[in-house]
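Down below is the structure, laid out as structure tokens.
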Amino acid sequence: MENHIPSPLNDRQIEAVTTIQGPMLIIAGAGSGKTRVITHRISHMLRKGIPQSAILALTFTNKAAREMGERVRDLTGKKLADLSVSTFHAFGVRVLRRTIHLLGYRENFSIYDSGDQLSLIKETARELRLSPDSLDLPGTAALFSGIKTGRRDWDGTTEMFRPLYQEYLSHMKAYNAVDFDDLIMLPIRIFGEHPETLAEYRQRYSHILVDEFQDTSANQYRLMKLLADGSRNVCVVGDDDQSIYSWRGANYENILRFEQDYPERREIKLEQNYRSTGTILAAANGVISHNRNRKTKALWTGSAEGRPIEMFHPEDERREGEFIAATIKTLMLREKVRYQDFGVLVRTNSLCRALEEAFLAEGLPYRVSGGESFFQRKEIKDILSYLRVMANPDDDVAFLRVVNTPRRGVGRRTLEQIGEAARRRSCSLYSAAALLTLAEDSPLGAGIRADLASFLALLEEQGKAARRPRNIAPTVRRLVEAVDYRGWLHGEFQKNDKIAKWKLRNIELLAQSIEDWEKDPENFEPGLYSYLNRVSLISRDDIDDEDGKGRVNLMTIHSAKGLEFEIVFLPGVEDGIIPHARALEESEGDMEEERRLFYVAITRARRKLYISACRKRRVMRDVAEMSPSPFLDEIPRDLMVFHQEEEPVSREEATDYFAALKNRLGAGARP
DNA sequence: TAGGCCAAGATTTTC
DNA sequence: TCTTGGCCTA
């Protein structure tokens with residue numbers, strides 16, 4: 001059997017791949033070939049005769065799930081339609097699609113993302129007459145999430161928000177809506193309250209695998225354990241040093257918990273790094289060794305030292321961008337590095353802008369993952385909200401979003417009246433609106449009643465259409481016409497016609513993507529509900545992977561986890577950015593998480609690492625003096641070379657330089 | 001009562 | 001820089 005396994009796997013890796021019964025903990029250091037181990041392990045299981053439908057692999061991002069699925073397919077040469085590789089949240093949705101009725105929800109439930117959540121909290125606060133300035137919305141949302149998932153409890157300072165929370169919950173239930181936390185919590189509840197359902201799932205999934213285990217939350221762990229305790233064939237793969245999602249409830253102590261819960265486990269440490277040069281690894285080790293809460297491990301590499309890490313201190317973020325763009329161009333010419341082999345990794349999305357400007361100016365093709373996702377764009381959310389109301393008329397948040405977009409004369413007063421009616425009858429805004437258009441004693445004027453009535457009729461009619469098989473995309477196109485979204489956009493952006501055109505194009509792209517999805521022969525469930533479920537979980541990194549070739553990658557460190565690049569640039573390595581000032585405010589322990597983040601950033605690089613820290617930086621409206629990140633002191637000095645700030649190379653000079661270089665190379669002459 | 005205009009405030013990371 | 005909320009006008 002073993003000779004089916006490609007030779008480059010080392011002994012530990014082979015052990016990790018071939019031990020498929022019983023619990024297993026794999027501690028996989030950065031660059032230790034983790035993904036290969038996981039994909040080989042799955043294909044090994046398949047070869048051993050474990051049916052694909054019995055395997056459940058859980059990951060963190062859609063991207064990771066998709067890549068894992070693809071790799072296994074490549075490895076086995078099979079389609080594997082029954083193999084479950086998905087994110088925890090997507091798995092939660094699948095469970096809920098089948099079982100949510102057990103909790104009294106209907107199957108057309110809406111999934112609220114954080115934006116929807118914020119609008120609901122805001123709306124609820126308004127109803128409760130809470131003064132809006134006493135309310136820190138994101139903070140409240142974080143509190144609610146903490147309460148719901150059991151990470152926090154009410155205390156002296158938060159107690160006052162309790163009624164708001166209760167109200168929030170009852171609204172969610174009334175709207176037939178769930179939030180991201182619910183996608184984990186509700187399956188746990190269902191499994192707890194309905195042992196026969198749990199038994200079914202245990203029966204089905206005899207082999208469970210969890211990737212990025214250090215990022216599982218306490219509840220994801222519970223969910224995993226519920227499923228795994230049937231067979232106890234559960235394999236978790238993680239690295240405590242790369243735990244960077246504690247703000248989302250991730251808890252690397254799950255590794256310790258796993259060791260307690262599964263005392264019979266096999267434990268394997270993968271410590272050989274196949275990715276980076278000795279220099280880069282030494283820098284990473286230097287940094288991470290300052291963390292006190294970690295499992296000791298010694299990452300080593302057989303690779304050569306490689307070249308030193310280059311440090312820059314540009315004057316401001318503009319210079320920084322120019323420097324990075326120019327360096328990329330130089331390296332491409334001198335070392336024949338391809339665009340896609342560069343990764344530019346930032347702590348916060350806001351740092352992207354200056355870099356993008358520089359790349360645009362230099363004509364460097366780049367790809368940003370992160371920032372505003374396609375599905376977060378206003379025009380897209382508008383259209384999707386229309387679909388959501390059609391699917392689930394009880395979804396008040398979606399209703400509010402579309403009821404006056406494009407404007408149809410429904411203003412504040414009208415909405416108040418609809419809201420009042422809804423409260424009195426405890427029904428949705430949609431039903432209340434329907435009622436008020438008909439009622440004899442309606443407080444609404446005749447004009448507005450007619451407008452509302454035709455709006456509701458439109459939703460009704462298009463909703464029916466959208467439910468017909470493979471008819472979502474045509475419905476979207478018809479809808480755009482019917483509400484004259486085009487005319488509205490042109491009106492809204494009179495001064496800038498380009499924006500209007502661009503937004504319309506986005507909508508057409510959306511319609512196109514829906515059409516592709518509906519027509520995909522491998523899509524076994526092409527309905528409206530399943531479409532909406534699906535798009536709610538699509539986040540930033542999920543589109544345009546095809547044309548990612550030939551572009552420089554610009555992304556946050558968080559979204560770079562699991563990826564690697566020949567050459568990595570880390571801009572903005574300044575105190576207050578990494579470690580991030582806001583993160584440190586929350587608690588002291590977050591310093592270690594920030595350090596892990598920096599560690600993850602460094603270990604993405606295969607061959608060469610550039611780090612820069614600006615002296616000044618624009619922050620919102622004004623310019624702030626910056627100082628270098630304290631983490632830089634943790635990198636051994638002898639691994640770095642410092643660059644004085646040079647005059648930025650102008651475009652003409654650069655062109656001259658390249659021309660000269662080409663001449664020289666062409667002539668075969670030496671400098 | 002709806003919608004336009006202006007000023008102030010704001011954002012760490014993702015499913 | 002962009003978004004949101006409040007105020008004013010029609």
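Numbers restart at 1 for each chain; the letters A, B, ... are given by sequence-line order, proteins then strands.
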Spacing of A/L415 atom CG relative to B/dT1 atom P, expressed in whole Å: 12 Å

Donor-acceptor side-chain pairing of A/N219 and A/R222 below 3.5 angstrom: yes

Phosphate contact (B/dT11 OP1 or OP2) by A/N349 side-chain N/O below 4.0 Å: no

Using a cutoff of under 3.5 Å, can you pull out all pairs of nitrogen or oxygen atoms linking the protein to nucleotides 5-9 of chain B, with atom names and distances?
unit_1	atom_1	unit_2	atom_2	d
B/dG9	N7	A/R621	NH1	3.3
B/dG9	O6	A/R621	NH1	3.1

Whole-Å gap separating C1' (C/dT4) and CG (A/L118): 13 Å

Side chain A/R353 and base C/dT1 donor-acceptor under 3.5 Å: no

Nucleotide nearest A/P138 when distance is taken to its side chain, options C/dG5, B/dT11, B/dT14: B/dT11

Side-chain donor-acceptor contact under 3.5 Å, A/Y599 with A/N291: no

Between A/H171 and A/E127, a side-chain donor and acceptor under 3.5 Å: yes

Value in whole Å for how far the P atom of B/dT1 lies from CG of A/L444: 10 Å

Phosphate OP1/OP2 of C/dG5: any A/K122 side-chain N/O under 4.0 Å: yes

Separation of C/dT3 P from A/L137 CG (nearest whole Å): 17 Å

Distance under 6.0 Å and angle within 45° of ring axis: A/R595 vs A/F631: no

First encountered from the 5' end of DNA chain C, between A/R618 and A/R412: A/R618

Length of the line joining A/L345:CG and B/dT13:P, which is rounded to integer Å: 15 Å

N/O (side chain, A/T556) to phosphate O (OP1/OP2, B/dT14) under 4.0 Å: yes

Atom pair distance, as rounded to whole Å: CG in A/L183 and P in B/dT14: 18 Å

Protein-nucleotide distance (A/R596, atom CZ; B/dT13, atom C1'), rounded to Å: 13 Å

B/dT1 OP1/OP2 closer than 4.0 Å to side-chain N/O of A/T414: no

Pair A/T216, A/N254: side-chain N/O donor-acceptor within cut-off below 3.5 Å: yes

A/R407 side chain, from C-beta outward: closest of B/dT13, B/dT1, B/dG3: B/dG3

Qualifying residue for side-chain contact (heavy atoms from CB on, under 4.5 Å) with A/Y165, from A/I147, A/L143, A/T140: A/I147

Residue whose closest nucleotide on DNA chain B lies nearer the 5' end, A/S350 versus A/I448: A/I448

Nearest to side-chain heavy atoms of A/N404, which nucleotide of B/dT13, B/dT1, B/dG3: B/dG3

Interatomic distance, A/I577 CD1 vs B/dT11 P [rounded to whole Å]: 17 Å

Stacked cation flag A/K173 on A/Y105, 6.0 angstrom / 45 deg: yes

Touch class at under 4.0 angstrom, heavy-atom based, for A/F88 against every strand present: nothing

Basic-acidic side-chain contact under 4.0 Å: A/R413, A/E416: yes

